[in-house]
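Below you'll find the structure, written out as structure tokens, and then a few comments.
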Amino acid sequence: MDLYEYQARELLKEQGIPVPEAIYAQNSHEVAEGSDQIGYPVVVKAQVKIGHRGQAGGVKLAHTRDDAILASEDILPMTIHGHSVSGVLVAEAKNILHEYYVSISVDRSSRDFDVLATANGGTEVEEIAKEHPESVKRLHISALDDFDIEAAREMAAAIGFYHADVEQAAQILLRMWRCFKDNDATLVEINPLAKIGDPDDESSKSLCALDAKISLDDNAKFRHDGWKRFDDSTGSDSLEHQAQEFGLHYVHLDGEVGVIGNGAGLVMSSLDAVAYAGEDQGNGITAANFLDIGGGASAQTMCQSLRIVLSDPKVESVLVNVYGGITSCEQVARGIIEAIEELRMTKPLVVRFDGNHASEGLAILREEHNSMIHVAPTMEEAAQMSVQLAAQAKENRQ
Ligand code: GDP
Ligand code: MN
């Protein structure tokens with residue numbers, strides 16, 4: 001299974017390999033938001049499971065918000081070498097001083113691992129390899145011997161990393177190897193592994209993985225539960241992907257009532273309450289999703305959660321069930337108001353608040369005088385109400 005760059009870079013990051021700050025985005029709105037957050041300039045990069053995106057126009061530098069939006073509007077509809085673009089990575093642009101290339105792959109013939117590397121990395125690496133084959137080093141890591149920091153230092157020097165980069169390169173080689181091994185990969189490639197920084201300031205210079213390509217061994221799938229997140233699908237699962245990007249726990253279900261709460265237990269109980277209410281009312285309404293906003297959620301988290309839940313076209317009403325502990329109901333209420341304005345929400349929302357700043361939160365909702373916002377004193381009543389509203393909306397639609 002091949003990973004997208006935005007997924008591969010997460011695996012590098014997990015091992016402590018430096019990568020630029022970045023977000024994954026699927027529309028120009030998210031690109032604008034992400035770029036503002038990262039700061040300019042940014043690079044906007046097509047997410048496709050094929051290389052040479054740069055040469056195909058799939059990698060663009062943007063100095064302003066408008067540039068970033070334009071770049072994404074160019075790139076998102078693209079098909080690169082037969083692969084349609086699934087989204088874009090918006091990454092902090094780095095000042096590149098030099099580009100190295102390093103890959104680790106399975107070598108079936110020698111039954112060990114190949115390290116292919118050159119001090120002349122970048123987009124032209126294949127041409128350079130053809131013209132100057134001696135500049136590309138092919139080294140091995142044995143499955144049986146230890147590959148430790150000493151071995152990594154030797155390797156970095158043999159590859160031709162500049163003296164000043166050898167120590168950091170050794171650390172990165174070691175971490176790439178761990179990434180390869182821990183993830184049962186068949187390929188871990190970084191091109192460019194770039195030297196970045198201010199040319200006039202020695203202390204600002206460091207190595208950073210500006211691109212990442214990883215393939216995983218499908219035979220090892222059974223021992224990696226986490227790979228489910230790499231399943232490449234469209235529709236509802238793309239909502240799960242989006243949620244993941246924001247650190248939200250979202251599971252897409254099949255019903256009509258969007259459910260948002262804090263804490264897995266409370267959200268599970270809310271799903272049950274919705275199911276009971278549906279049975280009770282005999283209208284077959286059930287929950288559309290599980291979404292746990294976690295502890296200490298901000299207004300922004302709440303707003304993002306509503307956006308994701310409402311992206312599901314089957315959703316007819318939303319139940320927000322928050323028992324404020326670390327999470328302040330006041331923050332949640334602010335998030336709700338923000339989301340309603342931003343999304344021009346037309347679906348009814350039932351809110352049940354208890355705990356931390358519950359009365360302040362309810363006061364904020366009341367002040368809105370919005371007929372779409374309903375408040376219920378208990379979870380059961382909130383579930384009954386949201387099921388009833390969903391059934392009504394569904395009936396009106398038919
Ligand atoms: P690929 O063409 O699919 O391999 O995509 P890459 O992510 O490797 O990007 C292609 C090229 O774009 C790189 O070799 C760099 O020269 C350039 N590039 C990518 N990221 C940055 C960046 O942060 N700053 C600058 N200046 N160039 C970048
Ligand atoms: Mn590349």
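- Judged purely by atom type and a 3.5 angstrom limit, R175 uses its side chain to pair as donor or acceptor with the backbone of G16.
- No donor-acceptor contact under 3.5 angstrom links the side chains of N120 and H132, judged on distance only.
- The two residues K347 and M345 make their nearest non-hydrogen contact at O-CE, 2.9 Å.
- Between the side chains of N356 and S328, no donor-acceptor pair of N or O atoms lies under 3.5 Å.
- By the 4.0 Å N-to-carboxylate-O rule, E316 lies close enough to R397 to be salt-bridged with it.
- Taking CD from E154 and CD1 from I149, the interatomic distance works out to 11.5 Å, rounded to the nearest 0.5 Å.
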(message) Between R138 and D107, does the salt bridge (charged side-chain N to carboxylate O under 4.0 Å, His left out) criterion hold? Intermediate values first, please.
(response) CA-CA 11 Å; R138 185 170 175 171; D107 182 359; 3.5 Å; yes

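- Using a 4.0 Å cut-off between charged nitrogen and carboxylate oxygen, D211 and R53 count as a salt-bridge pair.
- Between atom CD of residue E124 and atom NE2 of residue H52 there is a gap of 10.0 Å, rounded to the nearest 0.5 Å.
- In this structure, the side chain of Q331 engages the main chain of A299 through a donor-acceptor pair within 3.5 Å.
- The shortest heavy-atom contact between A243 and I308 is CA-CD1, 3.5 Å.
- The two residues G294 and T327 make their nearest non-hydrogen contact at O-OG1, 3.5 Å.
- Contact of the I364 side chain with the R334 side chain is registered, since non-hydrogen atoms from C-beta on lie closer than 4.5 Å.
- The backbone N or O of L3 lies less than 3.5 Å from no partner atom in the side chain of Q7, so there is not a single donor-acceptor pair.
- For the pair R111 (side chain) and R108 (backbone), a donor-acceptor distance under 3.5 Å is absent.
- Transitive grouping of hydrophobic side chains (ILVMFWY, heavy atoms separated by less than 4.5 Å) brings M176 and F147 into a common cluster.
- Between L207 and D165, the closest side-chain pair of non-hydrogen atoms falls below 4.5 Å.
- One N or O on the side chain of N183 and one on the backbone of C179 form a donor-acceptor pair closer than 3.5 Å.
- The line from OG of S105 to CG of D114 is 4.5 Å long, rounded to the nearest 0.5 Å.
- In this structure, OG on S298 lies 8.5 Å from CD on E338, to the nearest 0.5 angstrom.
- Side-chain contact of Q388 with Q281: a donor-acceptor pair under 3.5 Å is absent, judged by distance alone.
- A distance-only check finds no donor-acceptor pair linking the side chain of R352 to the backbone of A382 [under 3.5 Å].
- Side-chain contact, T378 with E381: a donor N or O sits under 3.5 Å from an acceptor N or O.
- Judged by distance alone, the side chain of D217 and the main-chain N or O of T186 form no donor-acceptor pair under 3.5 Å.
- Sorted by first and then second residue, the ring-ring contact (aromatic ring centres under 6.0 Å, His included) pairs involving residues 70-107 (not counting sequence neighbours) are H98-Y100, H98-Y162, Y100-F161.
- Counting heavy atoms from C-beta outward, E360 and C329 have side chains that stay 4.5 Å or more apart.
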(request) Test side chain to side chain contact (heavy atoms under 4.5 Å, CB included) on L187 and I214 and set out the steps. (result) CA-CA 5 Å; L187 171 73; I214 293 181; over 6 Å; no

Please tabulate, one pair per line, all N/O donor-acceptor pairs under 3.5 Å involving side-chain atoms of residues 35-43, not counting sequence neighbours.
from, atom 1, to, atom 2, distance (Å)
S35, OG, V31, O, 2.6
D36, OD1, Y40, OH, 2.7
D36, OD1, R65, NE, 3.4
D36, OD2, R65, NE, 2.8
D36, OD2, R65, NH2, 2.9
Y40, OH, D36, N, 3.4

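- Under the 4.5 Å side-chain heavy-atom criterion for Ile, Leu, Val, Met, Phe, Trp and Tyr, W227 and V106 are members of the same hydrophobic cluster.
- In this structure, a donor-acceptor pair under 3.5 Å is absent between the side chains of S86 and Y6.
- Side-chain contact between L210 and I96 is present, with at least one heavy-atom pair separated by less than 4.5 Å.
- V19 meets the side chain to side chain contact (heavy atoms under 4.5 Å, CB included) test with R9, L12, K13, A209; sequence neighbours excluded.
- Note on V350: it does not cluster hydrophobically with I337, by side-chain heavy-atom contacts below 4.5 Å among ILVMFWY residues.
- A salt bridge does not link R344 to E341: none of the charged side-chain nitrogens sits closer than 4.0 Å to a carboxylate oxygen.
- When every heavy atom of M379 is checked against every heavy atom of A273, the shortest pair comes out as CG-CB, 4.1 Å.
- Summarising the geometry, atom CD1 belonging to I80 is positioned 11.0 Å from atom CD belonging to Q55; distances are rounded to the nearest 0.5 Å.
- Using a distance-only test at 3.5 Å, with no hydrogens or angles considered, a donor-acceptor pair links the side chain of S204 to the main chain of D198.
- Taken together through direct or relayed side-chain contacts under 4.5 Å among Ile, Leu, Val, Met, Phe, Trp and Tyr, Y250 and V322 form part of one hydrophobic cluster.
- Take K314 and apply the side chain to side chain contact (heavy atoms under 4.5 Å, CB included) test, not counting sequence neighbours, and it matches D254, E256, D312.
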(request) Begin with the C-alpha distance, continue with both residues' side-chain angles, and end with the deciding distance and a verdict on side chain to side chain contact (heavy atoms under 4.5 Å, CB included) for K45 and I75. (result) CA-CA 8 Å; K45 308 172 77 178; I75 293 172; over 6 Å; no

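- Surrounding CD of E73 are more than 12 heavy atoms belonging to other residues, nucleotides or ligands, all under 6.0 Å away.
- Between the CG atom of N289 and the OG atom of S305 there is a distance of 9.5 Å, given to the nearest 0.5 Å.
- Remark: side-chain polar atoms of K94 are not paired, donor with acceptor, to backbone N or O of A91 under 3.5 angstrom.
- The residues K130 and E127 are annotated as not salt-bridged, no charged nitrogen and carboxylate oxygen being separated by less than 4.0 angstrom.
- Cluster membership check: L139 shares its hydrophobic cluster with I141, using side-chain heavy-atom separations under 4.5 Å among Ile, Leu, Val, Met, Phe, Trp and Tyr.
- Electrostatic pairing of K213 and E5 does not count as a salt bridge here, judged by no charged N lying under 4.0 Å from a carboxylate O.
- Put simply, the side chain of M302 reaches to within 4.5 Å of the side chain of I336, judged on heavy atoms.
- Counted within 6.0 Å of CD on E395, heavy atoms from surrounding residues, nucleotides or ligands total 12 or fewer; the atom is thus considered open.
- Between R307 and E342 a salt bridge is recorded (basic side-chain N to carboxylate O distance below 4.0 Å).
- The shortest distance between side-chain heavy atoms of L365 and F353 falls below 4.5 Å.
- D292 contributes a side-chain N or O that, together with a main-chain N or O of G263, makes up a donor-acceptor pair within less than 3.5 Å.
- Sequence neighbours left out, the pairs with a member in residues 102-126 that pass ring-ring contact (aromatic ring centres under 6.0 Å, His included) are F113-W177, F113-F180.
- The closest side-chain heavy-atom distance from V115 to H140 is not below 4.5 Å.
- Donor-acceptor pairing under 3.5 Å is recorded for the side chains of D112 and S110.
- Residues S215 and M1 fail the side-chain proximity criterion, which asks for heavy atoms closer than 4.5 Å.
- Legend: residues meeting side chain to side chain contact (heavy atoms under 4.5 Å, CB included) with V318, ordered by chain and number and at least two apart, are I260, L306, V309, L310, V315, V320, L349.
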